[in-house]
Structure formats: C-alpha cells, structure tokens
**Student:** 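Structure incoming, see below.
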Amino acid sequence: MCRLAGAVTVVVVSLLQTPHCLARPYLNVSGEIMLGGLFPVHANGKGVTECGGVQVEDGMLMLEAMLFIVNEINERTDLLPDIKLGVIAYDTCDSPAYALEQSLDFIKGFIAHYNGNKLHTDHPKEFVCRDGEPPEYRGGNFDKVAALIGEQSSAVTMQIATMLRLFGTPIVSYLATSPALSNKDKFPTFFRTVPSDINQANAMLALISQMNWTYVSIVYVDTEYGNQGYETLNTLAPEYGVCFSTPLRVSNEHFSDVDYDRIVQKLANNSDARVVVVFAEKPTVVLRLVESTRRMKVGNRFVWVGSHGWTVTDHREHHLPIVSKLEDSLATVNRPNRRTGQLTKDDLESHEVLEGALAIQPLASHLEGFDEYFANLTVENHGHVNPWFKEYLEAFFHCDFKNRTQRSVQTDIEGDCESMDLSVTVQKGFQQHSCLHFVRDAVYAVATALHNMHQDKCGGTPGVCENMNHIENSEVVKYLTNVTFKDERGNPFKFLNGRDGPPRYSILNFQRTDVNSFQWQIVGNYSLDEHGKPQLYLEKEKVTFRKTSKKFPPSGCTQTCDDMQIRIREYEDTCCWSCINCGPYEIRKDDFHCEQCRPEYLPSKNKSVCEIIQEDFIYYGDPWATPALVVATVGVLLTLIVTLVFWANTDTPVVKASGRELSYLLLLGTLLEFCVTYIMVAPPTFTSCVITRFFLGFSFALCYAAIVTKTNRIARIFSNGGGISRTRYISPKSQILITAILTSVQIVINIGWFWYDPPVVKHVFPARDSRLRICSGLGDFSYLISLSYPFVLIGVCTVYAFLTRKCPDGFNEARHIGFTNYTAIVIWLAFVPLYIASTSYNIRVVTLALSLSLSGFVQLCCLFFPKIYIVVFTPEKNTKEVVMGHNRTSSFTTNTMSSNIMPTNAALALTLDNGYRNPTFTNSLGSIHDEEMPARSVRFHPKLSAKSKNGGGVPQRPILNRPGTPPHRKNGVNSIPN
C-alpha cells in the first residue's frame, strides 16, 4: 500500500503541475465526515474549450439536491446524531478526461487520510511535516471523505470508479446506468441507486412486445452507454420475440447533417420496420434525427421509442426536450418561448414528428421541499457556497453579472442580473428534474451506512467517537452492501445484488394536447411486483399515436404464424421470416423447428404433441369380416345338416359303404375349417392367436388325413380281392388310428412352430398413419408353414383316388375325391399369391378364412352331397345291389391287381352261381363288414358275355347268386377256372 500511495502521488504531482488546474473552483462545505461529489455542472466543451455552458437541470439541480439532502440529514436526530456531514464537489464538465483530473484531489486526500491514520500504527508514515505530524491536504476536509456521490454519465463514472478501486473508496452514482458497471470484479466499490440499463432494456422490450411490434430499427450512439445498451437489447430481444434490423451507429461528435440524412434514408428504406429505438444518453442525437426526418419529409412514418437519456422531463408537465438551434448542443429543454409562450414553426414541426413517441424514463418522483429550498437561494446566502450559482442564474434568467471573473458562455443576454429578482421559482419557469430522488437515495444510502457503522463502533453515543476518526473505506463498502432505508415515496430501498438500484421506470407517451401544445404523459410503469419480479404495467387506453389516428402502425416483416406453423428466416434479413406448415407427421417443436413423430405416433390436431396412433384390428363388425362370417356360418349349418342326415341313416348301404367312422372325422375337420373363421376375425389376443395358428393347419390336415385313410383302405382291399391272406388294418379302429397318426404329424409341426416362434400379439404399421394389432405370423407369411403338410396329403389323396377309380360303384369315389383335390389346389393356388401380394392385413385374414371355408364347401359338395342326395331324394338307389354295382366304364382287371388273381367280378359271379362263398375271396372282402357286403348281387356271366360279343345267338343274361348254391357248381362243372 505504501508503494502504491507513492506511485499515485507521483501521478498526482505530475498532473497538478499544469497551471490551469490550480484555478478550477470546487464546492467545499465543512463537516465532521465529508462526502465527495462529482456533477456535470457544465456541458462538455467543443474544440479547445474544456467545458461548455452550464447545464441548468442535469448538472446544477443534481448538485443542489445533494446539498439539500445533506442539510436535511444534519437536522435529523435519528440519523447520525450530533454528526455533521460536509460536502466537497467538483464539476466534471461531462468529460471523462476532465473528470479524472478533477478526482485527483480526492486521491490526494485519500493518501493523506491513509498516511495519517493513528489507529493503525502498523501503517508507515511516508509523509510528515516538520513538526512530525502527518500533513493535511487543503485543510483536512479531503482526508475525511468517506464516499463519493456521482457521476451522471456512465462513461465518466467508469473512469473514476476504475481509479477509486485502487483505494477501496465507494462511489454511489445517481444516474449511471451502463450494465458494465455491475461487474463486481472490475468495479468492486461501485454502487448506484438508479437501475441498470439491463432493466431499462427489459422494460423497452416488454413495451415493444406488448405493442405487438416484432421487427424494429435501432439507432444508438457510439459511446459506452450506447454500445452497452445496444448489446443488452440485442441479447435480450429473442426472449421477447423482438428482432432488430441492421443497427445504425451514430458518432455524437463527428456526424454532420449529411450523415444523419443518410441514417434517416436507411430507416425510411426499410418499409417493414415502422418503429425506431433510439438508445442515446443525451437528447442531441434524437433532436438531430428528428430534424433530419423533418427535412426529408418522412416525419409521419416512424414511431420513436427512446431510452431515458433523451427524456429530460418534469414530474407535472413532462415537456419535450427540444432545442431550436441544433448546432447548440446544450442539454437544456427548449420549452415554449418564455417571452411569447409560443413554439416556433420548426419546433412545432419537430413536435409533430415525435408525436406518439414512447420513452422509458427512470421513475419520476417529486423531491418534496426542494422547490422551496431552491427558491430561497440567493447570491448573498449561497453564492459563497456554490461557486457556479451565479453562472446558473445567468443561464436561467438570460442576464449577466458585472465584474464576474469567470464569464458565462450564454449569448442571449437580456439584461443585468443585479437589477432583477433572481429568485428561482416555478412561476418563473423553474421545473424540478424528475430524477432528483435518485440523488436523494444516493446520499441517504451513504448516510445510513455511516449511521450503521456509528452504531457498531460508537455504541449509539452521539457524535464522532475515536473509532470513527479515521474511517476505513473498505468498511463503508461493507455497510453499503447491506443498507436499507425508505425512499422518497416511502418504499423500502435495498441494493439489488448488493450494488444496483431496483428497477423503477415510468412509461411516457408524447401526446398532442392542443393545436400547438404537446406533453409527455405517464401511461404506465415498469417496477417490481409483490413477488419482487419486474413487471410492465401499461394503460393502453391512454396510449395514442396521432391525434387523427390513435392506433399505432404495425412493425413487422411477416404476419403472425398460426400455432401449427413455424418460421423460416429469410436469407436477406434474419429478422424476417415466412410461415410454413410442419409435415403431416411432424409437430411444432418451437417457433423455428418441427420434429418428426416416432413411427407409432401421429401429431395431435394442433401439432403440439405426438400422440400414439389409435390401433386398428379386424373384428366381428368389420366390413371385411362380414362376408367371411356369413360364408362360415352357412358352412357350419350345412355341415351340421349333413352330419344329422348321416346319423339318421347310419345303417343304410350308402352310408356304410362310405366308411362311417372316417366320414364323421371328415365332417369334424370340415366343421373346424368353418369354425376357425370365427377366431380369425376376432380382435387379436394371445388366445385367439394360439387357436388360429393351431387349427388353421390342423382342421385341414384332419380332413385330408381321413380321405387318405379311406382311399388307402379301398385300394388295399380291392388290390387283394383274390388273394389268399386277409387284408390287414382295415377295421374301423385301425382306420381311426391311421387317421390319428397322419394328423399327429400336423400336431408335431404346430408344436415345433410354437417353440421356434411363439404366437404373440404385435403391432405393425402398413402405412405411416396406421397401427394394426395382429397375430405374429400374419405379416411374414409364416402361416403358410401350417398349410404345407395338408398340401402333401392332398397330393397323396390324388394318387389313391386314381388307383381306386375302377372299384365297384358303391366304393369308387375317385372322381369325387379327385375333383375335391383339384378344386382345393386351385383355391389355394389362388390364395397364396393373393395373400403374399396383399398389403392389407384385413384382406389377408379374410382371404385365409374364405379359403378354408371354400375348401370345406368343396368337401361337402363333392364327398357328401351325392350321398345325401341318394339317401334323401332317391332312396331306391340306397340298396346293396346298386352300391355293389360294376363300374360301367371299365372292368377291375389284373392291370391293377396281381396277375395271378382272377377278376373280382368273375370270381364273385362263380361263387354265387355255385351256391357257396369262396373262402379265399371271403377272407379278402370279409374285412368289409358283413352288413356292408351285399347279400345278393347281380352280375353278367362272363362266358355269356363273351358269346354275345362273339356274335352268338344266346342272349346275355344275369346270373343270380342265390344263397345255398355251391360255389363250385357252374352248369354241372365242379371246378373254378384259373
């Protein structure tokens, strides 16, 4: 710290060697604890001039407000009792460099304060007087400065705060709003009672958003305030749905009228952006923009939205900041001419350009008692306190004090000040600055912090105790961080984040009140709600654009997109977009993106979420299922009728000859084929999937296993008709066993299939918007596995039907079986391509069901209906003779039997003629039940037939095989031909 102090001292000495520094005035009001002040009493100078004219409101009133509040605190007994606060204030001329020079006096005072701190003996004394005492800078008041109040400009404040951080001295600003100052690492000792521009940016964007403006232009000044403000606005804008067009930057010092005209032309060329945001800390930029807009005749096109820097307003009338001569850069308010009370023509046109403008201003509040205090100030009682007071009176009254060493830059002198009544009152045009309450809060923040320190160090004892003779700046910073007090309106004040003032803004609207009268009207505010969150309150019914048109124009480069649309930014301007719909299977994720739904989902009606597709499945009420159910129902009824007819006529020759047991199995299989349809078209469940997969092939296999057994039995019997041995395995039990064995193969296939691919219910998606519930196997053609074995049985049946085609008529079903097989093959050959090619699962189910039902109808029609017709409609043919009648188309010869066995019909005829049964033949046919073997049959004698064929005259006659006739007797011949 000693080295640091020494280094700073070298800087101070080198800077103070300039001669003009010694002549600069400053305000010094003694006290036991001093407060420093930095105010822009004068405007920034031009050229070689360091300072311009006195700032009637922005500078002088802020300084006087500090003096007013200090006097108020000194008179209070509950705040810093018996402790007098003093003030040392400097003019910064609104210039960072000039302000930094002025602050060096405070730096020397801090060094002297640190050098003379007797409470800390470990601090070495780098500077001592000849008597051994530490030196005091300018009488010692500078050594007592505990904190600084100021500055107004963010750029100036940054320079000073950077210097003061070296000494840990707190600085409390009343109007510096740059967000950069909230950086605790760069400015650890900075505080402010005004809210940060981050809050102002939020307030502006909330206002723009509530007015439904989405695309706006922005003009900002090329200063620390303007650059930080634009960056903040641009960062926060997306959160409010606001987009800025190409930003336009203004150099306050170097821009000419031509440059302003070029900016206005760019604003006018953007026809979509009707709103112009101006972020400037001084009204000069706004005024020159307005003047350029008026010159180019586009004044009625824009809606201006301004930051607080260009709304110097009064709490009662809120007049517009206008200067008649734009070349005069004074930040003063050009109100109606005090002498005429009328606006000039140019001023009126400028007012008309700004009509309808909106502005964000730190919350306006009237400082009670200040008007009376200021009206009582005179040269006699205050001129020696405030070294700039006379200059202020000259500027306010447009007069001149004779013999004043520092002359005013005022040019419109109207008389001698000494001959005028110089009381500054409201009646004479005085208007209190609306932001004086922020100065009041800054002074009260420091005073309250010192009061809290006094309570801790002095135990509440009035006056400055020994522990507060030397106040450590770092301790003041600590107390400031946690300070709380009541503001001018009686609301509790506390620094946000330990350094920033709470958001407190007024929303102003520039309105025409008369033909030649315009005023700023308060139409809302932006402040904390009851939950401590910033909230915009806007009275829209009070907001107007023009006297002739109260409705504000739109400002946007696109229409509002529907809830189900997204925005596609245009290539030329990223702020503009077109609206497009999301795809048929997409949802709107956000304003700019769609998101594809997963395969099993579809977008909701409003495209907000993906909803699972409602599952579809075939059921009894499905139009596709109706034909299959009707056909199956008819088949079930016919099958039951056939079964009843067979059961009622079970002892008739036709039924016996057909093989009753196998016929009943065949009817059972046919019934199952029809019944499977009811399971197949039912809503898919695990049970229905198991039953469908099992009985699909089982019913088909049962039918053809019975047919194979029947044809095999007939073929074996008649192929051994003249043999010695009896044909085996042709009894009813054997036939049922053979059928069961053949059917069990299908059962084994089904079990293996179940093990390899268990039946489950699953969902498939034949189309993007379709979700079907089906049984596994229906979608991958594996159902054809269960039909492979029945197709093999159909082939075997066809072979046996061909082999038994020449059996007796009662036993010969070759033509019927063959037709049944051929028809079944045609049906299933048509089914397989249709099943594979179909993309509709409902069609596949119905096709499969109809194919089974048609196969059942073919079996009924070909194998049972002819017998039913004989039994029911032609019972005279239901006899043993007709059943055993010879096949008229051919004879059963040795072509199909063994060559050493005589034809069955001839052997039977000989046997019957001789009156006894041939044991050998009986053994062969005995397996056919006695009741199935006709007791009497009519046959033509072979030899008579031969004679007839040879042309003999003996007619062919039937030979009756009578019971009791010896089988070896034939016309007296006792022998059987070989």
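These figures come from a predicted structure and were not determined experimentally. By convention here, the first residue in the shown sequence is residue 1.
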**Student:** Please check if any side-chain donor atom of Tyr479 sits under 3.5 Å from a side-chain acceptor atom of Asp456, or the reverse.
**Tutor:** yes

**Student:** Assess whether ring pair (Phe, Tyr, Trp, His ring centres under 6.0 Å) is satisfied between Tyr90 and Phe106, documenting all intermediate values.
**Tutor:** CA-CA 10 Å; Tyr90 279 89; Phe106 291 114; 5.4 Å; yes

**Student:** Could you check whether any side-chain heavy atom of Asp91 comes within less than 4.5 Å of a side-chain heavy atom of Tyr26, counting everything from C-beta outward?
**Tutor:** no

**Student:** Do we see a donor-acceptor contact under 3.5 Å between the side chains of Gln200 and Thr177?
**Tutor:** no

**Student:** Given side-chain contact (heavy atoms from CB on, under 4.5 Å), test Leu422 with Thr378 step by step and report yes or no.
**Tutor:** CA-CA 7 Å; Leu422 300 180; Thr378 63; over 6 Å; no

**Student:** Hey, mind stepping through Val87 and Leu67 against side-chain contact (heavy atoms from CB on, under 4.5 Å) and telling me if it holds?
**Tutor:** CA-CA 7 Å; Val87 177; Leu67 296 176; 4.0 Å; yes

**Student:** I'd like to know if the side chain of Thr193 reaches the main chain of Phe438, judged simply by a donor and an acceptor atom lying under 3.5 Å from each other, with no hydrogens or angles considered.
**Tutor:** yes

**Student:** Does Arg504 pair with Asp441 as a salt bridge, N-O distance under 4.0 Å?
**Tutor:** yes

**Student:** How are the rings of Phe187 and Phe190 set to each other: parallel, tilted or perpendicular (split at 30° and 60°)?
**Tutor:** perpendicular

**Student:** For the pair Tyr526 and Tyr537, evaluate ring pair (Phe, Tyr, Trp, His ring centres under 6.0 Å) and give the outcome as yes or no after the intermediate values.
**Tutor:** CA-CA 6 Å; Tyr526 184 83; Tyr537 302 93; 8.8 Å; no

**Student:** Assess, by modelled atom type and distance only, whether the side chains of Gln361 and Ser506 contain a donor and an acceptor separated by less than 3.5 Å.
**Tutor:** no

**Student:** Would you confirm whether the ring centroid of Tyr220 sits within less than 6.0 angstrom of the ring centroid of Phe279?
**Tutor:** no

**Student:** Between Asn452 and Gln455, do the side chains contain a donor N or O and an acceptor N or O under 3.5 Å apart?
**Tutor:** no

**Student:** Asp500 and Ser196: side-chain donor and acceptor closer than 3.5 Å?
**Tutor:** no

**Student:** Does Asp105 use its side chain to pair, donor to acceptor, with the backbone of Gln102 at less than 3.5 Å?
**Tutor:** no

**Student:** Between Ser154, Ser178, Ser182, Ser173, which is the residue that forms a side chain to side chain donor-acceptor pair (under 3.5 Å) with Arg192?
**Tutor:** Ser182

**Student:** Does a donor on one side chain and an acceptor on the other come within less than 3.5 Å for Lys186 and Thr162?
**Tutor:** no

**Student:** Would you say Arg489 and Leu363 make side-chain contact, with heavy atoms under 4.5 Å?
**Tutor:** yes

**Student:** Could you tell me whether Arg440 and Asp487 have a side-chain N and a carboxylate O separated by less than 4.0 Å?
**Tutor:** no

**Student:** Would you say the ring centers of Tyr174 and Phe39 fall short of 6.0 Å from each other?
**Tutor:** yes

**Student:** State whether a side-chain donor-acceptor pair under 3.5 Å links Asp197 with Thr232.
**Tutor:** no

**Student:** Look up atom CZ in Phe68 and atom OH in Tyr373, then write down how far apart they are to the nearest 0.5 Å.
**Tutor:** 8.0 Å

**Student:** Apply side-chain contact (heavy atoms from CB on, under 4.5 Å) to the pair Phe396 and Phe430, showing each step before the final yes or no.
**Tutor:** CA-CA 9 Å; Phe396 188 85; Phe430 171 76; 4.0 Å; yes

**Student:** Tell me whether His366 contacts the main-chain N or O of Glu368 through its side chain, where contact means a donor paired with an acceptor under 3.5 Å.
**Tutor:** no

**Student:** Checking Met34 against Leu85 for the side-chain contact (heavy atoms from CB on, under 4.5 Å) test, could you report, in this order, the C-alpha distance in whole Å, the side-chain angles of both residues, the deciding distance, and whether it holds?
**Tutor:** CA-CA 6 Å; Met34 302 297 293; Leu85 293 179; over 6 Å; no

**Student:** Find out whether Val156 and Ser95 are in side-chain contact, i.e. whether some heavy atom of one side chain is under 4.5 Å from a heavy atom of the other.
**Tutor:** no

**Student:** With no hydrogens and no angle check, just 3.5 Å: does a side-chain donor-acceptor pair link Asn386 and Glu64?
**Tutor:** yes

**Student:** Are Asn202 and Tyr240 close enough that a side-chain donor and a side-chain acceptor fall under 3.5 Å?
**Tutor:** yes

